[in-house]
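A short worksheet on the structure shown next.
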Amino acid sequence: MLGFKRKLGEKISRLLSLSPEDVRFDYPPNLSLGDLSLLSAFIVGKREGKNLVSLAREYASKLEDLPMVERVVTAGPFINFKLKRDEFFLYAWESRDEVKVFPREGKNLVEHTNINPNKAAHVGHLRNAVIGDSFSRLLSVVGEVVEVQNYIDDTGVQVADVVYGLLKMKGLPPEAWDGIGEKFDHFCWDLYVEVEREMETNPSAQQERKRILKALEEGEGSYSEAGRKLAHKIASLHLQTMENLGIEYDLLTWESHIISLGLWARTFELLREKGVIRKADKGPNAGCWVMDIEEGGQLREKVIVRSNGTATYVAKDIAYQMWKLGLQDRDFKYRVFKKYPSGRLLYTTTLEDGEDMDFGRAARVYNVIDSRQGYLQKIVKEAVRRLGFEKEAEGSIHLAYEMVALSKRSAASMGFEVDGEAVSISGRKGVGIKADDLIGEVRKRAAQEVEKRHPELSLEDREAIAEKIASAAIRYYMLKFTNNSVVIFDIEDALSFEGETGPYLQYTLVRMNSIRRKLRERGVSLLSPRWRENDDYWDLVHRASRFDEVLDKVRENMELSLLAKYLFSLAQAFNVFYAKYPILNEADPGERSLRFAIMELVEAKLKKGAYILGIEIPERM
RNA sequence: GCGCCUGUAGCUCAGCUGGAUAGAGCGUCGGCCUCCGGAGCCGAAGGCCGGGGGUUCAAAUCCCCCCAGGCGCUCCA
């Protein structure tokens, strides 16, 4: 519909002498009113103070020879088009695999996941990674260049804490870590909670943590080595967890490398030169380099460099953002970190010998971070702008989403205390559901369902199917809520395979596969499809044809839930169609062929959409 | 105090850059396998769209006020 609307819009704009902005379309709530509505009479009439209804009539009378339009009818101020269904259907069917969204110029850098490498990933991290991954998939489906990065803060307090716990509290030197029976990141999950309790009451532990932190930042000594190993081990486990959900990356960037490369030093100079920051000589921030931020009419100083000369988190983020935008004059070296089964290569930045690569230098940088970081992201963007990089600042995009909390029911079932409606996830307190545990539980349930339905399959085959179902269930669950909505994570809902879920989409596509297979087995032949008038058919064709528009809107609004909802409603519409109109069992060859073609049209959209959501389709389920 | 977000069916949520009759899933109740896969389909019950005012031909949607809740605003990351 997107390509068609473009053509139609151009023609209308010529016929009515309207600017493209005044030619806006919408869909009637009911296809009996028309297939497409033109809203120009509202827009122009309102602006020029004309009678909307008579303007609509005037416009309608001038609209002639429109492509694929059979009739133009006005309904009050609405100008409705009834399309030539036979022509439109053929056009949609023949081009069903094309995506007609205009790709934008330049590279997109999508940074997501970014989990502190000191403990297991939890369901909150899953939301981040799934949104980031699906958004990157969408950009590449519409034909844009995408690079996915995962930034790892291997020099932060969180890593220092667990280094302290392992070395000082557990007496486990790095050589002993591989011998820990439990999965290492899960072990650290519990340990981190112990460490946090220790830190609260033990000043000497705090002192030691400071020393560890300093060593991590300087990159020297045994503490630093332990920190590096910890971060590396845990990050690798996170990668495994994400791979279970089909999430892959192109590059790992390590905070310690950013420090060594000296990106900050250069940025610090620039910030001073351009007067973006100034040294505060009085007040509570005396001795610090600060940036003046105005918000709600209040002037605030944001500390960028502490009075002891060290850079704050935002400071480093500004420097790193500059690198992503190609505004740094130095670059990392790179080497391959691992090769995915898909063949995709995951690179890592490195301090040792490595290749020169073309990472970064993006036209648009999407930072996928929860909305709590909104203020800091705003400062980073503002700093880039004040450095004189207006265009790059515009390309610095915060893909924000709300956090994940645990539902009362889920939290209580795991033995956490519940006082309100929901419980915030807290790594420090150990409150949360580990991503691996969730994946394991969903797989277990899926395997039970598969066994019930397909006892004839081998255990191995059943497990493989269960993995795909589990991944689809989790991914869909993480994407069905709008970014602005706090996800009250409920394990029972997430485990569900019925209704608005990932498995529902899979089931629909598996059913289509099955129909196709039966078609071959029975040797049913098909004719080239010819349209026959039927409102139910048309509704499905019309709905499937809006796919491109949905992708366009998702890219614009960075709102994956739109796609999830759309695909669900399309699948639902197909299932209604399927229940009412047999395909293979239809005796009339013309009718049968048409129904099959409609299925193919819907299938093409569902498949592409499922790919974007990261949902794989098993042969059977 | 300042900023961002949220309040829609019993529950979880769509719809919000104004448009035609406010939707979905779950749950509840009742139906549907002689037939392409019942993880499905059909039907029913269920709504002062937090409250009040305003703008408009038109408001769940935009503006203002109020109420309720979440998050952020550290020389933490």
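Within every chain, numbering begins at 1; the chains are lettered A, B, ... in the order of the sequence lines, protein sequences first and strands thereafter.
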[atom1] gap between [N] and [M], integer Å:
N     : M     : atom1 : result
B/A9  : B/G47 : P     : 10 Å
B/G30 : B/G23 : C1'   : 22 Å
B/U6  : B/U17 : P     : 12 Å
B/C49 : B/U56 : P     : 23 Å
B/G31 : B/G69 : P     : 45 Å

For [Y] together with [X], are the ring centres under 6.0 Å from each other?
X      : Y      : result
A/F568 : A/Y476 : no
A/F268 : A/W289 : yes
A/F42  : A/F78  : yes

Check your understanding: Distance under 6.0 Å and angle within 45° of the ring axis: does A/R511 meet both against A/Y578?
Key ->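 Yes, A/R511 lies over the aromatic ring of A/Y578.
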Review point. Does the ring of A/F81 carry A/R71 above it, NZ/CZ under 6.0 angstrom from centre and within 45° of its axis?
Key: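 Ring-cation test returns no.
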Classify the nucleic acid contact of [X] as base, sugar-phosphate or nothing, counting any heavy atom under 4.0 Å across all strands shown.
X      : answer
A/T482 : sugar-phosphate
A/Y313 : base
A/D493 : nothing
A/K46  : base
A/H398 : nothing
A/Q158 : nothing
A/Y578 : base
A/Y504 : sugar-phosphate
A/K553 : base
A/N30  : base
A/L52  : base
A/R522 : sugar-phosphate
A/S371 : nothing
A/Y581 : base

Point to revise | Spatial distance of atom CG (A/D539) from atom CZ (A/F577) [nearest 0.5 Å] | key: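 The distance works out to 11.0 Å.
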Exercise for review: Check every nucleotide of RNA chain B for an atom under 4.0 Å from a heavy-atom of chain A, then give the first and the last such nucleotide from 5' to 3'.
Suggested key: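 In short, chain A contacts RNA chain B from B/G1 to B/A77.
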Practice item. Check the angle between the aromatic planes of A/Y477 and A/F481 and answer parallel, tilted or perpendicular using the 30° and 60° thresholds. Key: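 Ring orientation of A/Y477 relative to A/F481: perpendicular.
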Review point. Start at the 5' end of RNA chain B and walk down; is the nucleotide closest to A/A311 or to A/R300 reached first?
Key: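 Final value for this comparison: A/R300.
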**Study point:** 5′-ward residue of the pair A/A571/A/K480 relative to RNA chain B
**Key:**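 The residue mapped nearer the 5' terminus is A/K480.
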Point to revise | Stems involving RNA chain B, each a run of at least 3 consecutive Watson-Crick or G-U pairs under 3.5 Å | key: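 Listed by first number, the stems are B:1-7 with B:67-73, B:10-13 with B:23-26, B:28-32 with B:40-44, B:50-54 with B:62-66.
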Review point. Under a 4.0 Å heavy-atom cut-off, which of residues 32-44 of chain A touch RNA chain B?
Key: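 Heavy-atom contacts with RNA chain B come from A/L33, A/S37, A/F42.
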